[in-house]
Structure formats: structure tokens, C-alpha cells
There are 2 protein chains.
Amino acid sequence: MLKKPITIHDIAEMAKVSPATVSRVLSNSDYPVSKGLQERVRRIAEEVNYIPNMLGKQLKKNESTTIGVIIPSIVNPFYSFVIFGIEEVARANHHTVIICNSLQDPELEEEYIRTIMEQQVKGLIISSISEDRTLLRNCIDLGLNVVAIDQALEEENVCQVKFDHRKGGYIGAKHLIEQGHRQIAYLTSKLDRPSRKNIYRGYVDAMQEAKLEPILAESDEQRSDADTYDFDTGRKLVRKILTSGEQPTAIFACNDMMAFGVINELSSQGINVPDDISVVGFDGIDFGMMLHPPLTTVKQPDYDMGKLAGKLLFDKLKGEDAPFYDVVLQPSLIERRSVRNLTAINTLECAR
Amino acid sequence: MLKKPITIHDIAEMAKVSPATVSRVLSNSDYPVSKGLQERVRRIAEEVNYIPNMLGKQLKKNESTTIGVIIPSIVNPFYSFVIFGIEEVARANHHTVIICNSLQDPELEEEYIRTIMEQQVKGLIISSISEDRTLLRNCIDLGLNVVAIDQALEEENVCQVKFDHRKGGYIGAKHLIEQGHRQIAYLTSKLDRPSRKNIYRGYVDAMQEAKLEPILAESDEQRSDADTYDFDTGRKLVRKILTSGEQPTAIFACNDMMAFGVINELSSQGINVPDDISVVGFDGIDFGMMLHPPLTTVKQPDYDMGKLAGKLLFDKLKGEDAPFYDVVLQPSLIERRSVRNLTAINTLECAR
DNA sequence: TTGTACGCGTTATCAG
DNA sequence: CTGATAACGCGTACAA
């Protein structure tokens, strides 16, 4: 029923050479093998459709051709793009990618790290949620190469691909200020993660610089696994801010999902975006451009982050002991149409 | 610098037993080992933080603890959810998941199949784009277990988790008809894949049943890798249909992305959805609910598809030779607010 | 240039 | 119950 897989021994027999010779030819070793045998072995391998067993090879050489990626959830478009970038450079380096959804659960994260170590994986890209670094530290000492993305991970021998959240927050708020806004509210889910805090800090930076009073609306709910969580939070926070007596002319949301919720709630209440209230998001996921109006947002380069993280990791794996360095990706503003310019002469314009 | 990994031999030495005993204890073999040794071995393994080398185990047992998943692109939210479901059941079965983005390229698909075979992977879930089944056939004969999703794959020994696209097309069109629409246009990207053709057939079924004339607008462009491709196509096809002289009161798009494009273009032209023209999508991705108006659409159960495919695969892997069977997932309508009811008395209503 | 023999870490078989 | 030994498929000293 099941065909038995063909090994180098089988081929050796057919080609009337030793398994060693077959190995040398088929693994492209630089060990000298005569032209004639080379061709004979290759031809036969081709004929019998030889599929090498990487397990044997890897066991012998203590290598691995797969890398691990641990992220909160693949269902989040941001991480989808990160992975997409990683997978691309992995393939270019003849490696496969194991995906691990930590679901923000430190225990799951640990389980995954353990698993990939058992698989003898030598490279890991991780957006770590855990506080406890002992296991990871241990694995690094055992030869695991680690690149941290998104979440900071200060640890010896760990490269980081970071993103300047604070500057991102600054840029978003600054844009609104430049467009003439003075009452600018910042809506955010719980400020419990450093990245979130930093965006907020950037917003405050810009406000203080312009001598404006920050208006903060923070969700008090803990995380939830619903993928529409941020959307719902956006709606709630809008209701909260509008009934609080504040009269913002602009709202800055801590991520795009939440901005979608903001726009949705405003529209539902008959408030026009951007004519009545302007909205700026954070992330730059593609769906923002499909909204009406298209969302102005601060772009966090997801795909590039993946590619860079992959590049850093493979540099380490290749042992090119170029000095380890961190990368700090810079934010940029994607200007679409959810922000109204209040400074222009056309204050009366109510076009539609 | 690098600590040397600890093997069962090291533990055997420390516990003054044979490696065989250590193996029997640590791999939870049902082979009898005295209680005393059991504990001694376990304690030491714990102490030295033993991490088993799965490569050795797998090589010996000709097993694998990883499965492969080949899909067009992880960046597509539909497939993100499929993978999410797969990964969940894989983890429950102590397996890891290798992700492969075929990018709709048959050659890439083949490369990936070859790669996972080299890794001795025994299970594959695939949304195949290739016409040529010879390689896959070969791998199955070599012991690969295959479950096909999304795209049909008629081949001996391959389970399929399908989706009734035709019924989905029928349901979507039927809904519009029931709401009193008569001029219903169907907008689709190139009808080159069976799934696309089937949705269209379902639409035609419903139209003919109601003695209505189908109105088809098909994109003639070939696939593109831009992830906003369908969105742009939706916009283009709307312009095409509106300038063609047709006056549809409703538009049925072959997927949600395209429906987003449709709504966007209509809004841009000052045409109100659903008051002037109703829109129905296909897929049921979450972003549809964030639009204004929220998109009425035909739900294709992505997450469930992933879980089911995973379940089927592990049933096969466990050799529970329950008879192989295909699963055909049924569509359902998610009624939101992008469709106007034309039958009601409130024909005059122009509410907003 | 080619072949022989051993080891990577694990488990299965067989003898004690 | 326990231990020695031979594999799994491959790469590589070492010998020829």
C-alpha cells in the first residue's frame, strides 16, 4: 500500500556507488566527486523521485530549517502582514515558518517556546507578552536566536525591531493641531502596555507643545479575545466623551479598529466625519481606505517590520557576527479624508 | 559559551540507569519501569531542565509533530481565520503548524509540498491552486494525509471540507428578490475558478426561478497580488455597470472586499446605500459590520472550516479508519443594513 | 577520487 | 523489571 521512501542507500545501490558518494553529490557538498558519478547519481535520484529526509540531516548537523514566530493572534491584520513579511524572507532562505498564536497568554507562550526548542528550532521571532524571561534566557543560552518585534524585550543577545510609538502619537496629534483643531480627545484601550502608553505620551507631547489641554478617554475593561473588541470600545468611548460635556472637534484613536468604531458611532448619531468631528487612527491597516470617509491614520509598517525581523534573524543564524543592532521603525502619516482643515478660509464649506 | 543540550544519555549517567530506561520513563511508554526509578529519572530530568530532541524521536518512529497548511495568502482575512481554527486543533493534538502562502502560484505550491515532505510532515491541509495532481498523488502514496479546503480536489484518499458556493449565491440573490428587487446585478472577478463559477450559478438559479434577467459584470483582469485588488475591481465594475445603461436597484458582489469597493464607489458618486442601491456581499468577514451601512452578506464559515479540516486531518493521522467523508459547509445570510426593502408599504421612505 | 564506519538522539527488540 | 544493542537517514572523519 504505502511505498517505502527512498534513501541515499537505495540510490547508492542503484548507481553502484557508496552512500557517501550519493550524499556528497545530492547535498551539494564541496567534497570532490568525479563528473561521471555526479551525473549518474543525479540522474537516478531524479528518476526515482528522491525526497531527502531532512530529519536525518538536521539531527546529524544539529541544524534546523524552520523558524518559529510567536504573536498574539494571526487574526489581527497587523500581525498577518508581519508574518507575511517574515515568511517571505524565510522562504528566500529555504526555511519554513511555524506559527504560534499566544493569545496574550503567558502560559501558552511558554508552551510554544518549549515546543519549538524540542523541534530544535534555532530561530525565533517573538512579540512577547510574558514578564518572565527565565525560560527565554535559558533557550538563548542553549543556542536559540531571538528577534523581538512590536513588544520591547530588553535582554542580552536579543535583537529588537521596534516602532517609535511615541513619535507616532506625536505625529497624529500634531497633524490635527496643524489642521486647526484645539479640542482633541485621545481614545484608548487600557494603558497597560508600554506601546499604548507611549502613543499616549506622544499625543501629550504634541498637546503640551501647543499649549493645549489633553483630553483622555481610557477604557477600563481588561482585554477580551473578541476580535471586534476594539471596535466596540471605540463606540463606547465616543458615547462616553460626548456625554461628558467635552466638545472635541477631533478624536485620535489608539488603533484603526477603534477608529472604525468611532466613525461608526458618530455616523449612527448623525454626526458627520469629518465635517463635524475629525478622526485619526493608528496602524494603517488597509481597510481604513475602504471606509467612507477613508481614514487618516498613523502608519505602523507591518510588512516591513516582518521583513526586517526576518532579515535580522537570518543574519544571526548565518553567524555573520555583524554587531547586533536594534531597528526602530519610524511612523508616517497616511493622509486620507477623515480630517477637516479648520484653518483654511473655507470655514463655511459644508460641501457634500 | 553555548551550553550543550542534555540527552537521555546524560540523564542515564546521572541516575545510574540505562538510556533505555530513561527513554521509557520520559516518553511515557507503557513499558514497565519500577516506581523508584521512574521518580529518580523524572526528578533529575526536571532538575537539569531536560528538553527532548524530537528530531531523534521522529527519525526513529517515522512520525511528525507538525502539519502543513498551504493557502493562497495569510493576508486574506478569510484564510487568517481558517488558519486560526486549524492551529487551535493542532495545538490540542500537540502539533505545530507550518504556514505556506502559495500566492496562487502553482510552482510555489509545488515547492512547498516538496519542502514539507522533506520535513517528513504527515499531514497537509491545502487550498490547492494547481491543476497538476501528480506530485500530490505521489506524496499521498508515500504516506501524506491530505485534507482539501475551499478549493475542490477530487482525488482518491483526499478528504474535502467544501462550502456550498452555489447555494450561497442562491441565498444572496434570493434575499434581494424577497426584498422586492428586480434589477439585480452580479459583480465578480474573473470567473476562472470553480468556486466563483458556482456562486454565479447560484445567483442565476435564483434569478431564473423568479423569472428575472441576470445582469453580469465580470472583471476581465487576471489576478493580481495587491490585497486591495478586489476592492478596486468593485469600484471599476460599479462604474462600468452604471454607464452601461443598466439601472440595477441592487448589486450582489462575489466577495466582501469587492462589496466594500462597490459601496465606496457608490458613496463617492453620491448614491446612497441602501436607499438608492442595495448591496450584498459574500464571505462575512468582520469588517463588514464596521462599515456604514453594515454590510449584508453571505457567511462562509472560515473559522469552522479550519477546525473541521483540522479535525478530519487528525482523525486520519490517528488512523481511526472511520470511513473518509467530505464535509459540505452550508452558507447562511448575515442580515445587516445594506439592503433596502422595496416590498413594504414604506416605498416613500427616504429616511436617513 | 571513492568507500567504510561511526555518530547525531531516540526508541524497539531481545536477552537477562 | 532492566540493560545492551541495533536501527532510523544522513554527513563526515578516516582509510584506501
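Proteins come first, then strands; the chains are lettered A, B, ... in the order of their sequence lines, and each starts at number 1.
For the pair B:T21 and A:K4, nearest-nucleotide mapping onto DNA chain D gives the more 5' position to B:T21. Position along DNA chain C of the nearest nucleotide to B:P52 versus B:R24 favours B:P52 as the more 5'-ward residue.
In the model, B:E110 has no side-chain atom that pairs as donor or acceptor with a side-chain atom of B:S130 under 3.5 Å. A side-chain donor from one of A:D132 and A:T134 sits under 3.5 Å from a side-chain acceptor of the other.
Comparing atom distances between the B:A20 side chain and each of D:dG3, C:dT1, C:dG9 picks out D:dG3 as nearest. Side-chain atoms of A:K57 lie closest to D:dC10 of the nucleotides D:dC10, D:dT2, C:dT2. Distances from the side chain of B:L59 to the nucleotides C:dA12, D:dG9, D:dT2 place D:dG9 closest. Of the candidate nucleotides C:dT10, C:dT2, D:dT2, C:dT2 has the atom lying nearest to any side-chain atom of A:V33. In this structure, of C:dT10, C:dG3, D:dC10, it is C:dG3 that holds the atom nearest to the side chain of A:S18.
As a whole-Å value, the separation of A:Q58 CD from C:dG7 C1' is 17 Å. Rounded to whole angstrom, the span from the CG atom of B:N28 across to the C1' atom of C:dT11 amounts to 14 Å. Protein atom CZ of A:R40 is 16 Å distant from nucleotide atom P of C:dT1, rounded to whole Å. Rounded to whole Å, atom P of C:dT2 lies 15 Å from atom CG of A:D30. Atom NE2 in A:H9 sits about 13 Å away from atom P in C:dC6, given to the nearest Å. B:L55 has its CG atom 21 Å from the P atom of D:dA7, to the nearest Å. Going from atom CD of B:Q120 over to atom C1' of C:dG9 covers 16 Å, rounded to whole Å. Taking atom CG on A:N62 and atom P on D:dC10, their separation rounds to 18 Å, with Å as the unit.
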Verdict with supporting geometry, A:L26 and A:I11, side chain to side chain contact (heavy atoms under 4.5 Å, CB included): CA-CA 10 Å; A:L26 261 26; A:I11 296 182; 4.1 Å; yes
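With hydrogens and angles ignored, no donor-acceptor pair closer than 3.5 Å exists between the side chain of B:K60 and the base of C:dA12. Interface remark: the B:Y31 side chain does not form any donor-acceptor pair with the C:dT11 base, using a distance-only criterion of under 3.5 Å.
The phosphate of D:dG11 (OP1 or OP2) has no side-chain N or O of A:K61 nearer than 4.0 angstrom. The side chain of A:S23 places no N or O atom within less than 4.0 Å of a non-bridging phosphate oxygen (OP1 or OP2) of D:dC10. Regarding contacts with the backbone of D:dC10, a side-chain N or O of A:Y50 is found under 4.0 angstrom from either OP1 or OP2. Dashed line: the shortest gap from a side-chain N or O of B:S27 to OP1 or OP2 of C:dT11 is under 4.0 Å. For A:T7 and D:dG9, the shortest distance from a side-chain N or O to OP1 or OP2 is not below 4.0 Å.
Among the protein residues, B:S34 comes within range of the sugar-phosphate backbone only, with heavy atoms under 4.0 Å from sugar or phosphate atoms but none that close to a base. When heavy atoms are screened at a 4.0 angstrom cut-off, B:L37 is found touching the sugar-phosphate backbone but no base atom.
Side chains of B:V48 and B:D10 form no contact here, defined as non-hydrogen atoms less than 4.5 Å apart. Between A:F81 and B:V75 the shortest side-chain heavy-atom distance falls below 4.5 Å. Residues A:K57 and A:M54 meet the side-chain proximity criterion, which asks for heavy atoms closer than 4.5 Å.
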